[in-house]
Amino acid sequence: SLTWSSLHPPFRCLYTLTSSPLRSQQIGFLLGSCGVTVALTSDACHKGLPKSPTGEIPQFKGWPKLLWFVTESKHLSKPPRDWFPHIKDANNDTAYIEYKTCKDGSVLGVTVTRIALLTHCQALTQACGYTEAETIVNVLDFKKDVGLWHGILTSVMNMMHVISIPYSLMKVNPLSWIQKVCQYKAKVACVKSRDMHWALVAHRDQRDINLSSLRMLIVADGANPWSISSCDAFLNVFQSKGLRQEVICPCASSPEALTVAIRRYCVTPPPGRGVLSMHGLTYGVIRVDSEEKLSVLTVQDVGLVMPGAIMCSVKPDGIPQLCKTDEIGELCVCAIATGTSYYGLSGMTKNTFEVFPMTSSGGPITEYPFIRTGLLGFIGPGGLVFVIGKMDGLMVVSGRRHNADDIVATALAVEPMKFVYRGRIAVFSVSVLHDERIVIVAEQRPDSTEEDSFQWMSRVLQAIDSIHQVGVYCLALVPANTLPKTPLGGIHLSETKQLFLEGSLHPCNVLMCPHTCVTNLPKPRQKQPEIGPASVMVGNLVSGKRIAQASGRDLGQIEDNDQARKFLFLSEVLQWRAQTTPDHVLYTLLNCRGTIANSLTCVQLHKRAEKIAVMLMERGHLQDGDHVALVYPPGIDLIAAFYGCLYAGCVPITVRPPHPQNIATTLPTVKMIVEVSRSACLMTTQLICKLLRSREAAAAVDVRTWPPVLDTDDLPKKRPAQIYKPSNPETLAYLDFSVSTTGMLAGVKMSHAATSAFCRSIKLQCELYPSREVAICLDPYCGLGFVLWCLCSVYSGHQSILIPPSELETNPALWLLAVSQYKVRDTFCSYSVMELCTKGLGSQTESLKARGLDLSRVRTCVVVAEERPRIALTQSFSKLFKDLGLHPRAVSTSLGCRVNLAICLQGTSGPDPTTVYVDMRIPCFSCLQNFIPVGPFSFTEVFLLGWQLLASGETMGAFCCNS
């Protein structure tokens, strides 16, 4: 009497040994704990095993000593005529051990008794209606799960003809199983939804396909709710080839409970499906929703409970209390045809195989134990079983349950064929600050660029945020074929998670979003006193004494000749400059040819702002504190409209205008900002005013709901009776609206005091004075770009040379030629501008040099960005234009975000940029090799907040600012 354990053949074991020592040792530990001493294999697999010089197979690390036995006929002797196998009764002795891999990567052995084996085969025979001499096509792994139960055990009991198709053949020809069904007129086929999907991809109106012989198409992963899409698509294509709807029979199974449920062929009740709210499922309740919504989950039933079994649903956490009819719980079964224990693990066995469901009163519902299936679902009308996920894929984030399969399906819905290599995505959770955080790892197609991949990642974050209402901690893209694989080609989830925690993934693109999901940051600890000599002498220097912080200069203690300091508001600064230096040029706007399109002196800006203020009060009938949306292209009009709002006491909101060639997608964002900001009025140019009322705009939004639109091309000539002066510096100056990487629109309130302090800090950090000229090539709608474009020149008095980034599409050299022509020492740009110059001017450096382009006077070239650091781009830009005089130390990057518009900025007196090498094992920096440190602003105190407390100087954390 021998107990056998079905494992992958030795050549797959060899793959495991060479590719993952950890997985190899886990399987070896299982074999040793099960007392395995003999390994049966084939001749081809035996030849592939490593051997010593004497021809013996060495003992693998962590494995027990095995006797390798080749079972092919040429290696076997003929048994005697009087020999008969010893047939034992169907008792409670162990028949075989089936292994399973847990969520943490550990391998367990599930024991199945002889009586359970026999009863399970009988139940499958009754449920599926198997008869002698039927033909079944098996695409599944015949060593475990559904492939073993149908393709080996039950088929032998019923003397059926089994055609097994190996996975290696399926990779070459995904239609091979359909061809065998047609060739042998098979009655039953065992497949997974992936086999149906790849058959659809490979199907190109192939003739001579007839599936009318099939009476059961068993979908082994029917417990995955997203398999319904493959089932529906497969039926839609092959229904004309003889496939009937009632033939598709999804089933649910688990290693512990074996077959849990299966849909019968032509048995009442009819197949059922439901549309459930995904938001309700995260709270463990069933809420029927509309199919038109994106945030719904359409589920199909997996049939009825197996013959001779009883099923119930219990709460997945705590005491196994019965769920109510509208609650999601873990499905438990009571039957003979199940596993009996985890081999050698009595404690875990009791928690899984000896469960007694309790009623609300606290009493057990029966004296017989139930077995946890590891499946989450509910029992619907007519006894139909619905599965919405697995316990192993459950992620509890902030008290809400999210299923990994749901997150994968959402990510795959965002144009997967363009960016994800063969749809290979892994989703798991990691523990950060006593809560689970979601991590997504995907294999990137080799032909995908960094910018395209980043755009895809941003859309994935937006989709997950809108559909699941949960933030993603990290989204990482790795090169193709680099994630660890299972023997059948899938992603090995536990090993991928281990590589992420070790920092060994080596991704090519990473998007970390801790601010969207880590909402329970601890309070910073107090700064510790300096370490004294006594502590040093006794060796009491411990890590963490030096708090990771950096402070800029105190604005109140700096003595300079800044006359603007005596004014509390920017509107007062502009009036003062219009009186003292009326003809001083503040702004110069360049067109695509590099010539001056428009300019503004101090007095011109002041008078124009007065006229706009009169228009707001007389035509708009606005009051103090009303919000006004400024929809202008980058230029002088935007600046004048902003100060006109300040003169009238209104709160301006700068909004990017819709693109004339893409109104359908850009105009809704404008409408959303106008509505969210509760703007009482909208100011713009005559051209954009016509665009907002055009037929194309009416097709995108409801143009009747626009607030009053004022055209500033026709201004009144009168002056206001009085210019508004705020009563308090803490009152609202303007709203800074922007769309985050996750697609969330947010408006940041900026007070007059904060605005003035911000401008003063930039003035001191960059040493901006009236004699300076600064070239700005940025979008002026939010963040630091808006402040540099509209505010700084009025406060500091320097001349801003404005270059709209859109003009570079016509003339890529416009920005650099302007910097050279005006002998600019300080310039600000964006990553997109830098990338456009790098790609568009890469082969034109010699011609630019011949035209007199000289960048040797540039002292600081600052990239303003709130996204990921792009070290390769800045290095390529510096290297490309080095021959034109650009010094590498001049190029630096600012650090800011939506809330703290500017945390750090490389000033004129700052230290040289330094290459800092970061430990590649840290997940956040595993894609970076170096970064450029910059100093904090004069008014800013920066702290590094670790995941447990205020971080030490050697600890990575999240930036927190006090300013």
Side-chain angles (χ1 to χ4, degrees), residues 448-458 509 589-595 597 633-635 656-657 659-662 665-666 738-739 741 774-786 788-789 800-822 824 826-855 858 860-888 890-894 896 932:
S448 298
T449 64
E450 178 188 358
E451 190 61 30
D452 291 340
S453 298
F454 182 77
Q455 294 297 328
W456 178 81
M457 290 192 290
S458 300
N509 286 295
L589 180 68
L590 302 183
N591 56 23
C592 62
R593 295 184 298 274
T595 58
R656 185 191 304 271
H659 197 285
Q661 306 299 327
N662 196 10
T665 56
T666 56
S738 62
V739 179
T741 308
V774 177
I776 300 172
C777 191
L778 290 167
D779 283 327
Y781 299 109
C782 62
L784 187 56
F786 164 75
L788 292 169
W789 189 283
S800 291
I801 302 171
L802 307 178
I803 306 162
S806 58
E807 302 290 357
L808 269 69
E809 297 177 2
T810 307
N811 182 10
L814 174 62
W815 170 49
L816 296 180
L817 287 173
V819 170
S820 175
Q821 176 184 350
Y822 290 91
V824 171
D826 304 294
T827 182
F828 296 85
C829 70
S830 62
Y831 276 131
S832 58
V833 169
M834 183 172 283
E835 186 174 26
L836 191 61
C837 292
T838 303
K839 292 182 178 180
L841 305 176
S843 58
Q844 303 180 28
T845 53
E846 292 298 329
S847 61
L848 291 174
K849 193 173 185 179
R851 292 168 60 182
L853 181 64
D854 182 15
L855 302 178
V858 175
T860 57
C861 176
V862 181
V863 185
V864 177
E866 297 175 5
E867 55 175 270
R868 68 204 187 285
R870 300 177 65 178
I871 305 300
L873 177 59
T874 54
Q875 289 179 344
S876 299
F877 180 82
S878 302
K879 184 177 181 181
L880 179 63
F881 297 103
K882 181 180 179 181
D883 294 338
L884 298 178
L886 181 65
H887 197 282
V891 181
S892 63
T893 307
S894 68
I932 300 175

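Numbering starts at 1 and runs along the sequence shown.
- To the nearest 0.5 Å, atom CZ of residue R851 and atom CG of residue L884 are 11.5 Å apart.
- Considering only heavy atoms from C-beta on, H887 stays 4.5 Å or farther from L855 through its side chain.
- Annotation for C837 and P812: closest pair SG-O, 3.6 Å, computed over non-hydrogen atoms.
- Taking the side chain as every heavy atom from C-beta outward, L841 and L848 approach each other to under 4.5 Å.
- For the atom pair CD1 of I776 and CD1 of I801, the computed distance is 9.0 Å after rounding to the nearest 0.5 Å.
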S800 vs W789, side-chain contact (heavy atoms from CB on, under 4.5 Å): CA-CA, chis, key distance, verdict: CA-CA 8 Å; S800 291; W789 189 283; over 6 Å; no

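- Closest of all the heavy-atom pairs between F786 and P780 is CD1-O, 3.5 Å.
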Could you walk me through whether V858 and L886 pass the side-chain contact (heavy atoms from CB on, under 4.5 Å) check? CA-CA 7 Å; V858 175; L886 181 65; 4.2 Å; yes

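- Looking at heavy atoms from C-beta onward, V864 lies in side-chain contact with S894 at the 4.5 angstrom threshold.
- Checking side-chain atoms of S878 against main-chain N and O of Q875 turns up no donor-acceptor pair under 3.5 Å.
- Counting only distance, with no hydrogens or angles, the side chain of T893 and the backbone of V863 share no donor-acceptor pair below 3.5 Å.
- Rounding to the nearest 0.5 Å gives a distance of 14.5 Å between CZ of F877 and NZ of K882.
- No side-chain donor-acceptor contact under 3.5 Å links S820 and D854.
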For side-chain contact (heavy atoms from CB on, under 4.5 Å), just list the numbers for Y831 and T874, CA-CA rounded to whole Å, side-chain angles, deciding distance to a tenth of an Å, and then say yes or no. CA-CA 8 Å; Y831 276 131; T874 54; 3.9 Å; yes

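- Closest of all the heavy-atom pairs between A775 and T827 is O-OG1, 2.9 Å.
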Does F828 form a side-chain contact (heavy atoms from CB on, under 4.5 Å) with V774? I'd like the steps, not just the answer. CA-CA 8 Å; F828 296 85; V774 177; 3.7 Å; yes

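- Donor-acceptor pairing under 3.5 Å is recorded for the side chains of N591 and T595.
- A salt bridge links R656 with D779: the distance from a Lys NZ or Arg NE/NH1/NH2 to an Asp or Glu carboxylate oxygen falls below 4.0 Å.
- Using a 4.5 Å cut-off on side-chain heavy atoms (C-beta onward), T845 and L880 make contact.
- Between A818 and L590, the shortest heavy-atom contact is CB-CD1, 3.5 Å.
- The CG atom of L808 lies 9.0 Å from the OG1 atom of T810; values are rounded to the nearest 0.5 Å.
- In terms of heavy atoms, T666 sits closest to H659 at OG1-N, 3.0 Å.
- If you take CE on M834 and NZ on K839, they are separated by 14.0 Å, rounding to the nearest 0.5 Å.
- Separating the CZ atom in F881 from the CG atom in D883 is a distance of 10.5 Å, to the nearest 0.5 Å.
- For the residue pair W456 and S448, no side-chain donor N or O sits within less than 3.5 Å of a side-chain acceptor on the partner.
- Listed for the E807 side chain is no donor-acceptor partner under 3.5 Å among the backbone atoms of I803.
- When every heavy atom of C592 is checked against every heavy atom of N811, the shortest pair comes out as O-ND2, 3.0 Å.
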